[in-house]
Amino acid sequence: MSVDGEVRRLKTEADEPGWEVDPDDDWGLAVIATVGRQLKLRREATGMRAAEFGEAVGYGEDMVYKIESGKRIPRPEYLDMADEVLRAGGLLAAMKEDVKKVRYPKKVRDLAQMEAKAVELLSYGNHNLHGLLQTKEYAWALLRTRRPVNPEDQLEQALAARMARKAIFDRAPAPELSFVLEETTLRRPVGGKMVWRSQLEHLLEVGQLPNVEIQVMPTDRWNHPGTGGRIQALKFEDGTTVGRMDDEFNGRPVHDPRQVRVLELRYGIIRAEALTARESLAFVEQLVGER
């Protein structure tokens with residue numbers, strides 16, 4: 001197809017990695033199959049061939065067939081263009097919300113749903129910064145350290161899912177967020193000097209939010225119950241709590257009050273041993289100044 005005398009290049013799978021459907025996600029498969037079927041019915045009702053429609057929206061014929069058959073997740077822009085080309089009156093564009101949920105792996109989606117309902121979040125980490133605190137560049141560098149290295153499309157999908165969880169900061173009313181970070185996680189130059197410095201500056205910004213408390217655990221304070229690994233908990237409005245600890249309960253999520261009590265006891269001691277929120281921000285400022 002030509003545009004102003006120039007050949008227009010139609011998008012292929014190589015242009016949009018990371019938009020495959022998770023074969024183990026039954027709900028996701030059903031959603032994408034339904035979306036694809038609606039797109040196909042709309043296209044056929046207008047009498048447009050797949051190739052003709054693809055040219056109109058800027059995609060190759062093969063991509064159109066894969067989206068319509070439920071083998072590829074359509075981008076939001078694709079649905080917007082399809083809605084306009086097929087004159088669907090907003091019906092196709094409205095499916096973006098369902099597609100958005102399927103875009104991320106099921107386990108990440110479940111976590112994001114719980115975080116969206118929590119009124120309080122507690123997190124102690126002794127290895128890496130919590131995902132909610134990570135900048136896009138820091139998270140990308142961290143994901144690329146995994147071995148064996150995941151395909152680029154899977155990395156991009158994981159990155160998008162992690163960044164999407166940051167919507168928790170925009171909630172109203174805002175949940176209370178408490179993070180205790182080991183000093184070593186702040187000193188490790190993940191991504192190189194520039195990425196690392198930008199990450200530290202981001203922590204200073206987030207730490208100023210009234211509903212966020214960031215504390216640093218100095219390396220020389222070893223006598224606390226966080227040496228066994230991460231501790232995380234989400235508290236909900238009905239008074240229930242879901243949490244997990246790396247070295248207890250086989251690392252699985254727990255909600256039994258007796259188990260939650262152990263988790264909260266440990267987290268309380270860890271917070272007491274760490275620097276205060278004000279001291280912690282001063283510590284991070286000092287690190288930024290040193291770099």
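Numbering starts at 1 and runs along the sequence shown. These numbers come from a predicted model, not from an experiment. Only this structure's heavy atoms are used, side chains among them; waters, hydrogens and symmetry mates stay out.
- Heavy atoms from other residues, nucleotides or ligands lying under 6.0 Å from CD of Glu77 number more than 12.
- Within 6.0 Å of atom CZ in Arg188, more than 12 heavy atoms from other residues, nucleotides or ligands are found, so the atom counts as buried in its surroundings.
- Side-chain heavy atoms closer than 4.5 Å link hydrophobic residues (I, L, V, M, F, W, Y) into clusters, and following such links, possibly through other members, connects Leu133 to Met114.
- Put simply, the side chain of Gln199 gets close to the backbone of Thr135: a donor and an acceptor are under 3.5 Å apart.
- Proximity of Lys136 to Leu159: side-chain heavy atoms (C-beta onward) are separated by under 4.5 Å at one or more points.
- Of the possible polar contacts, one joining the Arg197 side chain to the Val288 backbone as a donor-acceptor pair under 3.5 Å is found.
- Looking at heavy atoms from C-beta onward, Phe169 lies in side-chain contact with Val206 at the 4.5 angstrom threshold.
- There is a side-chain donor-acceptor pair under 3.5 Å between Tyr267 and Ser178.
- A salt bridge links Arg266 with Asp247; the closest basic N to acidic carboxylate O contact falls under 4.0 Å.
- Looking only at distances, a side-chain donor or acceptor of Glu183 sits under 3.5 Å from a matching main-chain atom of Thr219.
- Between Tyr124 and the options Arg271, Glu182, His130, Gln215, a side chain to side chain donor-acceptor pair (under 3.5 Å) holds for only Glu182.
- Ion pairing of Lys96 with Asp80 is present here, as a side-chain N (NZ or NE/NH1/NH2) and a carboxylate O approach within less than 4.0 Å.
- A salt bridge between Glu152 and Arg144 is present, with a side-chain N of the basic residue lying under 4.0 Å from a carboxylate O of the acidic one.
- Salt bridge present: Arg43 and Glu68 bring a charged side-chain N and a carboxylate O closer than 4.0 Å.
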For residues 257-264, tabulate all N or O donor-acceptor pairs below 3.5 Å that involve a side-chain atom, not counting sequence neighbours.
| residue | atom | partner | partner atom | Å |
| --- | --- | --- | --- | --- |
| Arg258 | NE | Asp256 | OD1 | 3.3 |
| Glu264 | OE2 | Lys235 | NZ | 2.9 |

